[in-house]
Engineer: 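One structure, pasted below without further comment.
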Amino acid sequence: MSLENVFTLPAEYNDLRDSVRALAEKEIAPFARAVDEEHRYPQEAHNALVKSSLFAAHVPTENGGDGADALATCIIIEEVARACGSASLIPAVNKLGSLPLILGGNKEQKERWLRPLTQGKGFSYCLSESEAGSDASALKTTAVRKGDGWVINGSKKWISNAGESEFYTVIAQSDSSLGSKGITAFVIEKSDPGVSFGAPEKKMGFRGSPTREVYFDNVEIGDDRRIGEVGKGFALAMDTLDHTRITIAAQALGLAQGAFDVAKKYSHERKQFGKEIFDFQGVQFMLADMAIGIESARALTYAAAAKSERGDKDLRFFSASSKTYATDVAMKVTTDAVQVLGGYGYVSDYPVERMMRDAKLTQIYEGTNQIQRIVIARNLP
Ligand code: COS
């Protein structure tokens with residue numbers, strides 16, 4: 001028996017982390033405060049990610065992507081989030097929006113939408129509605145047969161990067177008498193007649209990432225827009241979330257790591273009572289607990305990512321667990337980072353208050369942590 005490679009990442013993942021961190025520090029972090037304060041889309045990050053093939057690295061190589069596996073995609077999202085939460089939603093949303101297509105689309109459909117995705121045309125995911133959040137299968141958007149195609153009517157709420165993205169996976173009710181088995185998935189394009197967007201939500205955090213309603217008013221599409229079988233849309237939507245909730249864990253991990261790095265550095269710079277505040281045991285204990293949380297969350301998240309890639313049977317348990325644990329850790333770590341910085345932590349001169357506001361959303365979206373615990377309990381090991 002050998003422990004040589006046990007719990008050690010292969011070198012290529014560490015190399016990837018180094019290169020994404022360098023890019024994020026140089027081309028993304030300098031704009032993080034401005035995109036938050038100005039509530040504007042992180043266009044600089046968008047451009048930098050497209051240029052370095054990180055905009056949608058998860059896309060298979062045959063469709064123009066990098067074929068990044070689930071762990072590599074997590075590391076990309078984690079490192080971008082360490083610099084700017086809003087920017088990290090770009091690769092995360094692109095994976096979420098396009099995964100139903102990757103899992104359920106045919107060859108032509110993949111080529112049609114995945115290649116432009118890698119070139120900078122974003123892909124959003126439209127499941128939630130105003131009355132169908134946690135109870136996702138209660139959605140009311142309809143898909144009605146017309147000739148060889150479909151007519152889509154309804155609206156979707158809380159859609160990340162809505163208006164910026166070119167493509168939208170839309171989960172719609174194609175037969176309301178069948179409940180969750182009457183739901184079908186489609187790809188709708190921003191330019192399709194009848195598609196429009198609501199005003200950007202005024203959010204506590206992730207202010208650089210637009211969240212808007214998407215409206216479908218008699219949107220007529222061909223059957224070539226249908227992803228997977230009629231009636232299999234809810235299972236496809238849930239299967240997608242089993243894979244992508246891990247990317248939210250990675251995002252949370254990046255926010256926690258970013259806040260921890262700032263707090264640790266500050267604790268050595270800040271002097272009170274004639275010494276570094278790091279020298280006080282009260283501060284040391286906080287930093288120690290933050291580090292324990294981050295390393296535990298990272299181990300669980302990377303294990304879940306490996307399971308996603310392999311399609312392991314216990315993916316659903318690990319995916320929901322990593323999302324729950326890492327996002328709860330991020331909330332605690334970012335809050336404690338603000339505490340370590342005291343008054344300086346509460347103002348926007350330092351990034352930790354922004355990271356704390358961003359962390360809050362990770363406990364809510366892609367399924368609240370209460371919903372995650374339901375999924376976990378239904379899939380206990
Ligand atoms: N993968 C594949 N199929 C799944 C699935 C999954 N992870 N989870 C459920 N299904 C299937 C079930 O197998 C079931 O089909 P059968 O009747 O053939 O068994 C069907 O979908 C309905 O499942 P279930 O009865 O478990 O649905 P519920 O209404 O109880 O809802 C929860 C399940 C609550 C887990 C689901 O609605 C959910 O995840 N809600 C949160 C949604 C969310 O994350 N929203 C965030 C917006 S996306 S950013």
Side-chain angles (χ1 to χ4, degrees), residues 77 85 88-100 102-104 122-141 154-162 165 168-185 201 203 206 209-214 227-252 304 307-308 311-324 327 360-380:
I77 293 166
S88 73
L89 259 182
I90 295 175
V93 166
N94 286 340
K95 178 159 181 180
L96 173 65
S98 64
L99 204 63
I102 292 172
L103 294 174
F123 216 133
S124 291
Y125 180 80
C126 298
L127 172 66
S128 298
E129 299 182 1
S130 54
E131 302 303 322
S134 293
D135 188 3
S137 68
L139 57 89
K140 296 270 185 302
T141 295
S155 65
K156 294 289 178 177
K157 200 166 171 68
W158 313 121
I159 307 307
S160 298
N161 289 349
S165 291
Y168 298 81
T169 292
V170 178
I171 312 296
Q173 188 65 254
S174 50
D175 185 343
S176 60
S177 68
L178 297 177
S180 66
K181 295 211 169 35
I183 291 173
T184 306
E201 304 287 351
K203 297 185 307 226
F206 280 101
S209 173
T211 305
R212 301 168 71 175
E213 284 190 80
V214 185
I227 305 300
E229 289 174 46
V230 173
K232 293 282 171 65
F234 189 69
L236 189 57
M238 292 295 116
D239 195 12
T240 295
L241 292 174
D242 285 341
H243 292 280
T244 59
R245 283 170 175 159
I246 305 163
T247 67
I248 301 305
Q251 181 178 61
K307 286 175 183 294
S308 160
D312 286 359
K313 280 205 182 69
D314 51 3
L315 168 63
R316 207 170 291 171
F317 168 80
F318 271 84
S319 157
S321 299
S322 67
K323 196 274 189 187
T324 307
T327 61
K360 185 63 220 170
L361 185 56
T362 66
Q363 294 181 302
I364 297 172
Y365 66 6
E366 284 209 43
T368 63
N369 282 5
Q370 287 69 31
I371 287 294
Q372 304 304 321
R373 287 177 168 94
I374 291 173
V375 174
I376 292 164
R378 287 180 182 179
N379 295 279
L380 288 174

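Model, not experiment: these values are computed from the prediction. In each ligand, atom 1 is the first atom listed, and ligand 1 is the first ligand listed. Sequence positions, counted from 1, serve as the residue numbers for this chain.
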Engineer: Quick one: pull up CD1 in Ile171 and CZ in Phe234 and give me the separation to the nearest 0.5 Å.
Structural biologist: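 If I round to the nearest 0.5 Å, the distance is 9.5 Å.
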Engineer: Identify the heavy atoms of Thr324 and Ala320 that sit nearest to each other, and give their distance.
Structural biologist: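 The answer is OG1-O, 2.7 Å.
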Engineer: Sequence neighbours excluded, which residues qualify as side-chain contact (heavy atoms from CB on, under 4.5 Å) partners of Glu201?
Structural biologist: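 Scan of Glu201 (side-chain contact (heavy atoms from CB on, under 4.5 Å), adjacent residues dropped) gives Lys157, Trp158, Lys203, Thr211.
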Engineer: What side-chain donor-acceptor pairs closer than 3.5 Å can you find for residues 127-134, not counting sequence neighbours?
Structural biologist:
from	atom 1	to	atom 2	distance (Å)
Glu129	OE1	Lys140	N	2.6
Glu129	OE2	Lys140	N	3.3
Glu129	OE2	Thr141	N	3.0
Glu129	OE2	Thr141	OG1	2.7
Glu129	OE2	Lys156	NZ	2.9

Engineer: For a quick check: using heavy atoms under 4.0 Å, what are the residues in contact with ligand 1, sorted by chain and number?
Structural biologist: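 The 4.0 Å shell around ligand 1 contains Tyr125, Ser128, Gly133, Ser134, Ala136, Ser137, Ser180, Lys181, Phe234, Ala235, Met238, Asp239, Leu241, Asp242, Arg245, Arg316, Glu366, Gly367, Ile371, Val375, Arg378.
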Engineer: Check for a donor-acceptor pair, side chain of Gln372 on one end and backbone N or O of Glu366 on the other, with a separation under 3.5 Å.
Structural biologist: yes
Engineer: Could you work out, with ring pair (Phe, Tyr, Trp, His ring centres under 6.0 Å) as the rule, every residue matching Phe318, not counting sequence neighbours?
Structural biologist: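 Checked Phe318 against ring pair (Phe, Tyr, Trp, His ring centres under 6.0 Å); zero matches.
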